[in-house]
Amino acid sequence: MQIGMVGLHRIEMAGGNDRFVAMVSAKAEVDLALGDFCPRSELVTPDRTPILPRFAAIDYHNHLDSMEPEAVLRIMDECGVERVVNITMQVGDAALEVLERFRGSSCRRFATIAWMDWAGVDRDDFVQQSLGRFERMVERGACGIKFWKDLGLTVRDGSGALLRVDDERLAPLFEKAAELKVPVMFHTADPSAFFRPIDAANERYEELAAHPDWGFYGAQYGKNELLAQRDRVFARHPRTTFVCAHIAESPEDLAYVEQLLEQNPNVHVDISARTPELGRQPYTARRFFLRWADRILFGTDLLPDPHMYRLYYRFLETPDEYFEYPSHASRQGRWNIYGLDLPDDVLQKVYRSNALKLLPD
């Protein structure tokens, strides 16, 4: 039989002369590179993508350091985004420059969360130095501080030991955040697939093949241990407000996230960069949003772009089926997503009012 497709080769089929067995057992080998395989869905379903969100949106999780405020404002106006929180990845004077650049453009449209600076982590006075840096950033307008996944995975203390997320030497920083009335954002660990071997069974193989440094299989602390360390911090500091980025890095296990929120009333989650996981479990995700509407923040973690924002709106607002999710170039998995069709009262909280509670007046 001739196969009318370039790069496709039929291989031996089981079943002998039984045509049906041969048909259902046939496999193929292809020369087509996985990265070049871009199938177009033949489903015919409604596309209700909103041009604007139903309520003005606050993007609580983005990274704008490389962008000019005026360019971002144009996209924000086009897409109904009221404010963007820039999580600067700069530290020291460079971080202050970024903060002032956006604050000077519009203090009402931009806010900045500071990045935890590990310079001098091997010094005995590191925490005291860090408290000074933190206070300086807040005095200049920062509305929080972010601890990234390097804590627990790569940051080492003066003895050369990996610094645990729940190391009690860091406790004064969390208490200082409560004193200053600003939240602490955590991005601890990563998607579960990042802690698996990068092989044919890994559902995010393409993404990890493009970014092998994102793989943490064999790390000293596995994902569950890293999250347990982080969760102990939440329990130890009930006066401090925490924001767990990326659905607490557990959108694959919303039952765990529900338990986390039940046990820690001081914890919020943002949805940034996790529509792929949420949108492939629309029934469970919708129930999660309805129950925890007061604790969920809208965020994107992708450079501002009209198409990107509208995919988020489509996910949150419509009952649309099987459409692409907003993502970076290497994508996050070989699937599409479904809309949650959330009610207005939930949308208003997720898009805007929950963020307003955490931002300065």
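Being a predicted model, the structure only gives us computed values, none of them experimental.
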Do Arg314's NZ or CZ and the ring of Tyr325 fall within the cation-pi criteria of under 6.0 Å and 45°? no
Of Lys149, Arg230, Glu225, the one forming a side chain to side chain contact (heavy atoms under 4.5 Å, CB included) with Val165 is Arg230
Between Arg274 and Glu249, is a salt bridge (charged side-chain N to carboxylate O under 4.0 Å, His left out) present by the stated rule, with each step listed? CA-CA 9 Å; Arg274 294 299 177 264; Glu249 279 305 347; 3.0 Å; yes
Do Arg331 and Glu206 sit within salt-bridge range, that is, some charged N less than 4.0 Å from a carboxylate O? no
Passes salt bridge (charged side-chain N to carboxylate O under 4.0 Å, His left out), Asp157 versus Arg169? Steps please. CA-CA 11 Å; Asp157 65 15; Arg169 289 172 290 183; 3.0 Å; yes
Under 3.5 Å, is there a donor-acceptor pair between the side chain of Gln259 and the main chain of Ala255? no
Decide whether Gln332 and Ser327 meet the rule of one side-chain donor and one side-chain acceptor closer than 3.5 Å. yes
Treating Arg352 as the side-chain partner and Ile58 as the backbone partner, does any N or O pair qualify as donor plus acceptor under 3.5 Å? no
When you compare the side chains of Asn266 and Thr241, does any donor N or O come within less than 3.5 Å of an acceptor on the partner? no
Before we go on, tell me: are the rings of Phe195 and Tyr217 under 6.0 Å apart, centre to centre? no
I'd like to know whether Cys107 forms a side chain to side chain contact (heavy atoms under 4.5 Å, CB included) with Phe102, so could you lay out the CA-CA distance, the side-chain angles of the two residues, the decisive distance to 0.1 Å, and finally the verdict. CA-CA 7 Å; Cys107 62; Phe102 283 92; over 6 Å; no
Quick one: do Asp77 and Arg109 make a salt bridge, cutoff under 4.0 Å? yes
Crowded around Arg334 CZ? As in, over 12 foreign heavy atoms under 6.0 Å? yes
Ring geometry between Trp148 and Trp115 (parallel below 30°, tilted from 30 to 60°, perpendicular above 60°): tilted
Start with the C-alpha gap between Val84 and Tyr60, add the side-chain angles, then the distance that decides, and say whether side chain to side chain contact (heavy atoms under 4.5 Å, CB included) holds. CA-CA 6 Å; Val84 175; Tyr60 194 81; over 6 Å; no
How close do Val350 and Ala293 get, counting heavy atoms only, and between which atoms? CG2-O, 4.3 Å
Can we say Glu207 and Arg204 salt-bridge, meaning some charged N sits less than 4.0 Å from an Asp/Glu carboxylate O? yes
With salt bridge (charged side-chain N to carboxylate O under 4.0 Å, His left out) as the test, would you mind laying out the steps for Asp344 and Arg54 before giving the verdict? CA-CA 8 Å; Asp344 283 0; Arg54 204 169 300 166; 2.8 Å; yes
Parallel, tilted or perpendicular, as decided by the 30° and 60° cut-offs, for the rings of Phe174 and Phe147: tilted
Under the side chain to side chain donor-acceptor pair (under 3.5 Å) rule, what do Asp65 and Thr88 come out as? Steps first, then yes or no, please. CA-CA 6 Å; Asp65 289 356; Thr88 180; 3.1 Å; yes
Arg310 with Asp305: basic N within carboxylate O range, under 4.0 Å: no
Regarding Glu324 and His307, is there a side-chain donor-to-acceptor distance under 3.5 Å anywhere? yes
Any side-chain donor-acceptor pair under 3.5 Å between Asp59 and Tyr309? yes
Donor-acceptor pair between His63 and Asp301 side chains, under 3.5 angstrom: yes
Please report the interatomic distance CG(Asp270) to NE2(His246), rounded to the nearest 0.5 Å. 6.5 Å
Before you tell me yes or no, could you show the steps for Phe110 and Arg83 under side chain to side chain contact (heavy atoms under 4.5 Å, CB included), namely the whole-Å CA-CA distance, both residues' side-chain angles and the distance that decides it to 0.1 Å? CA-CA 6 Å; Phe110 295 112; Arg83 191 182 303 188; 5.8 Å; no
Side-chain heavy atoms under 4.5 angstrom apart, residues restricted to Ile, Leu, Val, Met, Phe, Trp, Tyr: same cluster for Met116 and Leu162? yes
Surrounding OH of Tyr205 (heavy atoms of other residues, nucleotides or ligands, distance under 6.0 Å), is the total greater than 12? no
For Thr49 and Asp47, test the side chains for any donor-to-acceptor distance below 3.5 angstrom and give the result as yes or no. yes
If you measure from CG on Leu170 to OG on Ser130, what distance do you get to the nearest 0.5 Å? 8.0 Å
Where do Val267 and Val243 land on the side chain to side chain contact (heavy atoms under 4.5 Å, CB included) test, with the steps shown first? CA-CA 6 Å; Val267 170; Val243 175; over 6 Å; no
Heavy atoms of Ile75 and Pro304 approach each other most closely as CD1-O, 3.4 Å
Between Leu226 and Leu260, is there shared hydrophobic-cluster membership here, with clusters defined by ILVMFWY side-chain heavy atoms closer than 4.5 Å? yes
Report yes or no: do Asn62 and Thr300 form a side-chain donor-acceptor pair below 3.5 Å? yes
Given Arg280 and Glu203, is the salt bridge (charged side-chain N to carboxylate O under 4.0 Å, His left out) satisfied, shown in steps? CA-CA 13 Å; Arg280 61 174 168 163; Glu203 69 175 0; 2.8 Å; yes
Would you mind checking if Arg239 and Glu175 are paired as a salt bridge, meaning a charged N to carboxylate O distance below 4.0 Å? yes
Which pair of non-hydrogen atoms, one from Ala142 and one from Leu99, has the smallest distance, and what is that distance? N-CD1, 3.6 Å
Considering non-hydrogen atoms only, spot the tightest contact between Val346 and Leu290 and give its length. CG2-CD2, 3.8 Å
Heavy atoms only: give me the nearest His268-Asp294 pair and the separation to one decimal. CD2-O, 4.1 Å
Run the side chain to side chain donor-acceptor pair (under 3.5 Å) test on Asp231 and Tyr256 for me, step by step, so that the C-alpha distance in whole Å, both residues' side-chain angles and the decisive distance to 0.1 Å come before the verdict. CA-CA 11 Å; Asp231 296 352; Tyr256 158 73; 2.6 Å; yes
Tell me, yes or no, whether the heavy-atom count around Lys357 atom NZ, taken from other residues, nucleotides or ligands under 6.0 Å, exceeds 12. yes
Checking Asn202 side chain against Pro197 main chain: does a donor-acceptor pair fall under 3.5 Å? yes
Could you tell me whether Asp124 atom CG has more than 12 heavy atoms of other residues or ligands within 6.0 Å of it? no
Taking the basic N atoms (NZ, or NE/NH1/NH2) and the acidic carboxylate oxygens, is any pair closer than 4.0 Å for Arg74 and Glu70? no
Ring center gap for Phe194 and Phe216 short of 6.0 angstrom: no
Parallel, tilted or perpendicular for Tyr312 and Phe298, by the 30°/60° rule? perpendicular
For the atom pair CG (Asp320) and CG (Asp341), what is the distance rounded to the nearest 0.5 Å? 9.0 Å
Is Arg164 close enough and on-axis enough to Tyr221, meaning under 6.0 Å and within 45°, for cation-pi? yes
Between Met185 and Trp118, is there shared hydrophobic-cluster membership here, with clusters defined by ILVMFWY side-chain heavy atoms closer than 4.5 Å? no
Looking just at side-chain N and O atoms, do Trp292 and Glu258 make a donor-acceptor pair shorter than 3.5 Å? yes
Determine, for Arg232 against Glu168, whether the closest basic-nitrogen to carboxylate-oxygen distance falls under 4.0 angstrom. no
Nearest heavy-atom approach of Phe288 to Ile296 is CE2-CD1, 3.7 Å
Do Tyr322 and Trp335 have ring centres separated by under 6.0 Å? no
